[in-house]
Amino acid sequence: MDLKEIQNLIKFVAKSGASEVNLEYDDVKITIKTGSGEVKETIIQQVQAAPAAVAPAQAAPVAPLAEAAPAAPVAEASAAPDSKYITVKSPIIGTFYRKPSPDKPNFAEVGTEIKPGDVVCVIEAMKLFNEIESEVSGKIVKVLVDDASPVEFDQPLFLVDPA
C-alpha cells in the first residue's frame, strides 16, 4: 500500500462518519480514528518478521515514512496573477519545516533554482521527518507557509516559475 492509497483511505474514512477503522493485510496494519467528521489519529505500522535472536516480547518496528514519502504533488495554480506558476503542494498532513535542523540553512529560498529530486522542505508527521522533493524544475518565487506551521494534505507550499 503506497502513501497515495493511505491518503485516499483517510479521506474516505473521514467522509464516511466511521469512528474507527482497522485494516490489516500482509505486513501492514493501519488504524484510523475519527471524531465529528475529522481524522483525529492515524497509526500505520509495518510488521516485519523478527530474526530468531530477537526476544518475542519486542515490539514490531514502525515503518519509516521518510523513506516511503513520494515527491510532493504538483498542480497548476488557478489564480489569475499566479497562473504561470506551478504550485508545489503538501503530500501529507504534518508540521512544515524549511530547514533540516535549527542550526542549518533553509532547503529553498525565494529565488532558489530547483530541479526534480531536490529537497524543498521537511514535513514532520508522527515524529517522523519526511523530506519533500520537487517534481518540477524552475525558480521558487514564493514560499506560502511559515516555518514550523501545521499543514494539511494538498495544501500549497511553494510557487515555482518553470520558465
Nearest-0.5 Å distance, CG of residue D118 to CD of residue E131: 11.0 Å

Check for a donor-acceptor pair, side chain of T87 on one end and backbone N or O of K89 on the other, with a separation under 3.5 Å. no

Which atom of P105 lies closest to which atom of K99, heavy atoms considered: O-CB, 3.4 Å

For S90 against V151, the heavy-atom pair lying closest together: OG-CG2, 3.8 Å

Treating D147 as the side-chain partner and R98 as the backbone partner, does any N or O pair qualify as donor plus acceptor under 3.5 Å? yes

Can you name the nearest heavy-atom pair linking V160 to S137, along with the distance? CG1-O, 4.3 Å

Closest heavy-atom pair, K115 versus S134, reported as atoms and distance to 0.1 Å, is O-CB, 3.8 Å

Residue pair C121 / L157, side-chain heavy-atom distance below 4.5 Å: yes

Nearest 0.5 angstrom please: I132 CD1 to F107 CZ, how far? 10.0 Å

I92 CD1 to E124 CD distance, which is reported to the nearest 0.5 Å: 9.5 Å

Does the N130 side chain pair with the main chain of I123, one donor and one acceptor, at a distance under 3.5 Å? yes

Answer whether the closest heavy-atom distance between the side chains of L144 and F158 falls below 4.5 Å. no

Looking at CG of L159 and NZ of K139, how far apart are the two atoms once the value is rounded to the nearest 0.5 Å? 14.0 Å

Mind checking whether I114 and I140 have side chains closer than 4.5 Å, heavy atoms only? yes

Is it the case that the side chain of N106 and the backbone of A108 share a donor-acceptor pair, with hydrogens and angles ignored and the cut-off at 3.5 Å? no

Considering all heavy atoms of both residues, which atom of P162 and which atom of K84 are nearest to each other, and what is their separation? CD-O, 3.4 Å

